[in-house]
Amino acid sequence: MALYSEKVMDHFRNPRNVGVIEDADGIGEVGNAKCGDIMKMYLKIENEIITDVKFETFGCGSAIASSSMATELIKGRPVSEAMQLTNKAVAEALDGLPDYKMHCSVLAEEAIQNALDDYYRKKEKEK
Ligand code: FES
């Protein structure tokens, strides 16, 4: 059996939503101290719906595929749904990751959570 699913390879080779949102409503950045990989997520939110999402990932193929899939899973979805996104759901949507690569999907979950926290912090300040 191949180590990586076709979906992982597809999202690694053709990552969706790569880039930066200059006027993002929420930005989240996380890193894994062990492997040194870094992931940054940018969210555009209107009326509690994630209208746009982009990412920059300096990391392994699984981290790139996880970020790409995670952006697809939350784009166009309500913020409340994005808050529930788990790394397991990201890995499942990729048809699985090898056990020792599961931490790469954790980065995607954490980056989105951080970006949402940032969004709520900014919203609080505006009040
Ligand atoms: Fe570090 Fe994949 S090896 S995120």
Side-chain angles (χ1 to χ4, degrees):
M1 199 191 103
L3 190 54
Y4 294 110
S5 71
E6 271 176 37
K7 273 196 193 163
V8 172
M9 293 312 292
D10 177 35
H11 279 263
F12 166 58
R13 292 200 179 108
N14 310 293
R16 300 9 167 216
N17 306 309
V18 175
V20 174
I21 300 176
E22 295 295 349
D23 58 343
D25 298 306
I27 300 175
E29 185 171 350
V30 289
N32 181 300
K34 270 196 191 155
C35 63
D37 291 357
I38 296 167
M39 193 182 288
K40 202 164 177 183
M41 285 276 173
Y42 301 83
L43 303 176
K44 195 79 199 141
I45 299 170
E46 275 163 46
N47 298 324
E48 298 297 296
I49 302 283
I50 297 173
T51 53
D52 200 10
V53 47
K54 296 235 183 295
F55 77 91
E56 294 177 303
T57 292
F58 180 80
C60 73
S62 299
I64 291 167
S66 294
S67 343
S68 169
M69 180 55 88
T71 60
E72 293 262 279
L73 291 174
I74 64 165
K75 200 170 182 178
R77 312 303 311 163
V79 168
S80 55
E81 251 179 58
M83 303 233 301
Q84 311 288 327
L85 185 76
T86 62
N87 77 297
K88 250 185 108 190
V90 174
E92 268 166 26
L94 286 168
D95 290 338
L97 283 169
D99 279 353
Y100 70 99
K101 284 284 176 182
M102 279 305 278
H103 77 272
C104 315
S105 61
V106 173
L107 277 188
E109 177 190 321
E110 289 178 350
I112 288 172
Q113 295 304 328
N114 279 9
L116 290 169
D117 287 348
D118 184 46
Y119 164 66
Y120 281 117
R121 257 197 312 271
K122 283 182 180 145
K123 228 171 103 167
E124 245 345 274
K125 263 196 204 158
E126 278 170 19
K127 275 189 194 165

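Counting starts at 1 for both ligands and their atoms, in listed order.
Using a 4.5 Å cut-off on side-chain heavy atoms (C-beta onward), Leu43 and Val53 make contact. Annotation: side chain of Cys60 is in contact with side chain of Cys104 (closest heavy-atom distance under 4.5 Å).
At a cut-off of 3.5 Å, with distance as the only test, no side-chain donor of Tyr42 or Glu22 sits close to an acceptor on the other residue. Defined by atom type and a distance below 3.5 Å, a donor-acceptor pair is missing between the side-chain atoms of Asp118 and Asn114. No side-chain N or O of Ser5 forms a donor-acceptor pair with one of Asp95 less than 3.5 Å apart.
Annotation: salt bridge (charged side-chain N to carboxylate O under 4.0 Å, His left out) contacts involving residues 82-91, sequence neighbours excluded, are absent.
Protein-derived N/O/S atoms nearer than 2.8 Å to atom 2 (Fe) of ligand 1 total 2, waters excluded.
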